[in-house]
Enquirer: 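Take this structure, written in structure tokens, and hold onto it; I'll ask about it next.
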Amino acid sequence: MPELPEVETVARGLRTSLPGRRIMEVRFGKTDFMDDPAAIERELPGRTIETVERRGKYLIVWLVPANGSDVRAGLMVHLGMTGRLLTQAAAQPLEKHTHAIFHLDDGRELRYVDIRRFGQMAVVSEAALAARLSRLGAEPLEVSEEDFVARMHSRRARVKALLLDQRVLRGIGNIYADESLWRARIHPARLGSRLTREDIARLYRAIRWVLQRAIELRGSSISDYLDAEGRRGEFQRLHRAYDRKGKSCFRCGAKIRRTIVAGRSSYYCPRCQRAPRKTARRRAPARRRRG
DNA sequence: CGTTGAACCTGTTTGC
DNA sequence: TGCAAACAGGTTCAAC
């Protein structure tokens with residue numbers, strides 16, 4: 001469940017009940033996805049949670065500075081493909097693949113569950129966090145249209161690759177890239193540098209609409225994934241391209257296709273989203289097919 | 001530079 | 001029915 005709207009939903013959920021809570025004890029399952037599990041075990045017990053923020057697809061659980069210290073530190077969490085960060089009563093049975101448990105002072109536990117362990121978890125100082133996040137691009141809901149145009153024109157890569165590249169924009173993943181491109185009627189394999197101003201203006205508005213609606217609907221639950229409060233998201237009801245191969249385009253009725261762009265499954269309407277002329281789609285026909 | 005494919009890991013779906 | 005391949009919300013890196 002982890003693109004910007006899902007991570008934002010988790011952050012908002014945790015923010016309603018974590019600030020002010022004290023971490024009493026830390027327990028781990030598998031730790032191979034953590035930078036330095038010993039540091040987490042050493043530094044978190046006894047600390048109080050200040051707040052929870054989202055930066056791109058990262059969650060940061062900020063800690064109140066330890067007494068006498070002015071160094072702000074936090075727990076940085078990336079959910080990868082299958083990560084979930086949620087609170088449950090300590091008495092609740094542990095789900096399979098629970099890899100980190102932070103026992104809180106109110107009888108609950110903050111738990112990290114991650115089937116595939118593609119996530120990340122680390123304790124970081126504010127400075128270290130800034131260094132790690134400095135590679136990330138703009139927040140898609142904060143970037144100006146002018147800046148967005150410049151970013152789409154900045155490189156000669158396919159627009160889908162640009163949207164997925166966290167150094168260009170932070171937070172967009174495979175679902176929201178395809179949904180935004182469908183709304184903007186832009187084929188995922190078009191080169192960013194070849195998009196017109198009008199193309200980019202439509203894409204800019206599409207991304208804003210899609211992400212804002214998705215946040216309102218608490219993200220997309222496409223499998224059995226739940227947010228921090230155990231609720232499903234509902235944005236999957238508004239999906240128009242993603243995972244709709246062979247189904248009718250909501251706009252024109254043509255059958256949605258699936259192809260690979262930037263190494264990822266990409267769903268698009270072949271009629272509404274016209275393929276770029278030259279770029280490799282499939283092999284050029286041995287002879288010309290139409291005459 | 002940009003693209004592709006593999007790797008990381010586990011589970012589910014699809015296809016023959 | 002059974003088994004293997006393909007595929008899955010992400011990121012990174014080597015090779016071309």
Side-chain angles (χ1 to χ4, degrees), chain A residues 1-11 29-35 54-59 76-86 95-99 112-122 132-133 135-137 140 151-180 188-194 210-211 214-215 217-228 232-236 238-239 241-246 258-267 276 278-283:
Chain A
M1 49 181 273
E3 294 181 44
L4 187 154
E6 292 78 24
V7 180
E8 178 65 25
T9 300
V10 171
K30 292 185 178 176
T31 59
D32 56 358
F33 63 97
M34 301 178 191
D35 277 16
R54 176 192 63 78
R55 308 274 183 91
K57 295 175 188 171
Y58 289 90
L59 289 161
M76 190 192 78
V77 178
H78 192 294
L79 301 176
M81 288 276 249
T82 52
R84 296 167 53 202
L85 191 63
L86 68 168
E95 281 180 63
K96 198 177 177 187
H97 304 297
T98 299
H99 300 304
Y112 181 73
V113 185
D114 189 351
I115 294 172
R116 295 174 75 180
R117 304 199 304 286
F118 285 176
Q120 293 174 48
M121 182 175 287
R132 297 178 71 140
L133 299 188
R135 305 168 168 204
L136 296 184
R151 286 169 191 269
M152 291 299 105
H153 281 165
S154 67
R155 286 171 31 204
R156 199 168 32 260
R158 297 166 198 280
V159 60
K160 171 101 182 230
L162 292 174
L163 294 179
L164 292 178
D165 189 335
Q166 303 296 297
R167 295 168 302 185
V168 176
L169 293 171
R170 58 191 197 207
I172 296 177
N174 206 33
I175 294 177
Y176 297 102
D178 280 5
E179 291 302 312
S180 299
R190 297 267 307 277
L191 297 184
S193 53
R194 287 251 183 113
V210 164
L211 294 180
I215 290 170
L217 293 177
R218 309 175 64 85
S220 303
S221 288
I222 65 175
S223 184
D224 53 345
Y225 290 98
L226 307 172
D227 66 24
R232 285 170 57 81
E234 295 299 337
F235 188 75
Q236 67 280 2
L238 297 191
H239 287 182
Y242 182 79
D243 204 21
R244 297 196 68 248
K245 178 184 173 182
R258 173 183 179 275
T259 187
I260 302 293
V261 178
R264 308 292 301 278
S265 278
S266 299
Y267 300 88
K278 180 124 193 245
T279 7
R281 167 115 304 297
R282 50 198 58 184
R283 275 192 307 266

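Heavy-atom basis, side chains included; hydrogens, waters and symmetry copies ignored. Model, not experiment: these values are computed from the prediction. By convention in this document, chain letters (A, B, ...) are assigned in the order of the sequence lines, proteins followed by strands, and residues within each chain are numbered from 1.
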Enquirer: Write down the distance separating the P atoms in B:dG11 and C:dT1, rounded off to the nearest Å.
Expert: 24 Å

Enquirer: Output the rounded distance in Å from CD (A:Gln120) to C1' (C:dT12).
Expert: 10 Å

Enquirer: Between C:dT11 and B:dT12, how far apart are the C1' atoms? Round to whole Å, please.
Expert: 22 Å

Enquirer: Run the side-chain contact (heavy atoms from CB on, under 4.5 Å) test on A:Tyr242 and A:Asn174 for me, step by step, so that the C-alpha distance in whole Å, both residues' side-chain angles and the decisive distance to 0.1 Å come before the verdict.
Expert: CA-CA 8 Å; A:Tyr242 182 79; A:Asn174 206 33; 4.0 Å; yes

Enquirer: Measuring only the P atom in each nucleotide, how far is C:dG2 from B:dC9? A whole number of Å is fine.
Expert: 30 Å

Enquirer: Can you tell me how far the OG1 atom of A:Thr82 sits from the NE2 atom of A:His97, to the nearest 0.5 Å?
Expert: 8.5 Å

Enquirer: Are A:Thr82 and B:dC9 close enough that a side-chain N or O sits under 4.0 Å from OP1 or OP2?
Expert: no

Enquirer: Determine whether the side chains of A:Ser265 and A:Arg258 contain a donor N or O and an acceptor N or O closer than 3.5 Å.
Expert: yes

Enquirer: Is any NZ, NE, NH1 or NH2 atom of the basic residue among A:Arg167 and A:Asp165 found under 4.0 Å from an Asp or Glu carboxylate oxygen of the other?
Expert: yes

Enquirer: Any strand is fair game: report the nucleotide pairing with B:dC9 by Watson-Crick or G-U wobble, both distances under 3.5 Å, or none.
Expert: none

Enquirer: Please give, in whole Å, the distance from C:dT12 P to A:His78 NE2?
Expert: 8 Å

Enquirer: Starting at the 5' end of DNA chain C and moving along, which residue's nearest nucleotide shows up first, A:Arg258 or A:Gly173?
Expert: A:Arg258

Enquirer: Report yes if a side-chain nitrogen or oxygen of A:Tyr267 is closer than 4.0 Å to either non-bridging phosphate oxygen (OP1 or OP2) of C:dA8; otherwise report no.
Expert: yes

Enquirer: A:Ala157 has a side chain; which of C:dA8, B:dG2, C:dT11 sits nearest to it?
Expert: B:dG2

Enquirer: Assign a letter to each nucleotide of nucleotides 10-16 of chain B from its 5' end: B, base within under 4.0 Å of a protein heavy atom; S, sugar-phosphate only; -, no contact.
Expert: BS-----

Enquirer: Compare the minimum distances between each of C:dG9, B:dT3, C:dT11 and the side chain of A:Pro2, then state the nucleotide with the smallest one.
Expert: C:dG9

Enquirer: What distance, rounded to whole Å, do you find between the two P atoms, one in B:dG2 and one in C:dG9?
Expert: 24 Å

Enquirer: Can a donor-acceptor pair be found between the side chains of A:Tyr176 and A:Glu6 at a distance below 3.5 Å?
Expert: yes

Enquirer: Please report the distance, rounded to the nearest Å, between CZ in A:Arg135 and C1' in C:dG10.
Expert: 15 Å

Enquirer: Round to a whole Å and report the spacing from CZ of A:Arg264 to P of B:dT3.
Expert: 15 Å

Enquirer: Using the P atom on both, measure C:dC7 against B:dG5 and round to a whole Å.
Expert: 12 Å

Enquirer: Starting at CD1 of A:Ile222 and ending at P of C:dA8, how long is that distance when rounded to a whole Å?
Expert: 9 Å

Enquirer: From the options B:dC9, C:dG9, B:dT3, select the nucleotide whose nearest atom is closest to the side chain of A:Tyr242.
Expert: C:dG9

Enquirer: Would you say A:Gln166 places a side-chain N or O within less than 4.0 Å of OP1 or OP2 belonging to C:dT11?
Expert: yes

Enquirer: In whole Å, what is the span from the CG atom of A:Leu4 to the C1' atom of C:dT11?
Expert: 17 Å

Enquirer: Can you measure A:Leu79 atom CG to C:dT11 atom P for me and round it to whole angstrom units?
Expert: 11 Å

Enquirer: Show the nearest heavy-atom pair for residues A:Phe235 and A:Leu217, with the distance to one decimal.
Expert: N-CB, 3.8 Å

Enquirer: Could you tell me whether the phosphate oxygens of C:dG10, OP1 or OP2, come under 4.0 Å of any side-chain nitrogen or oxygen in A:Lys57?
Expert: yes

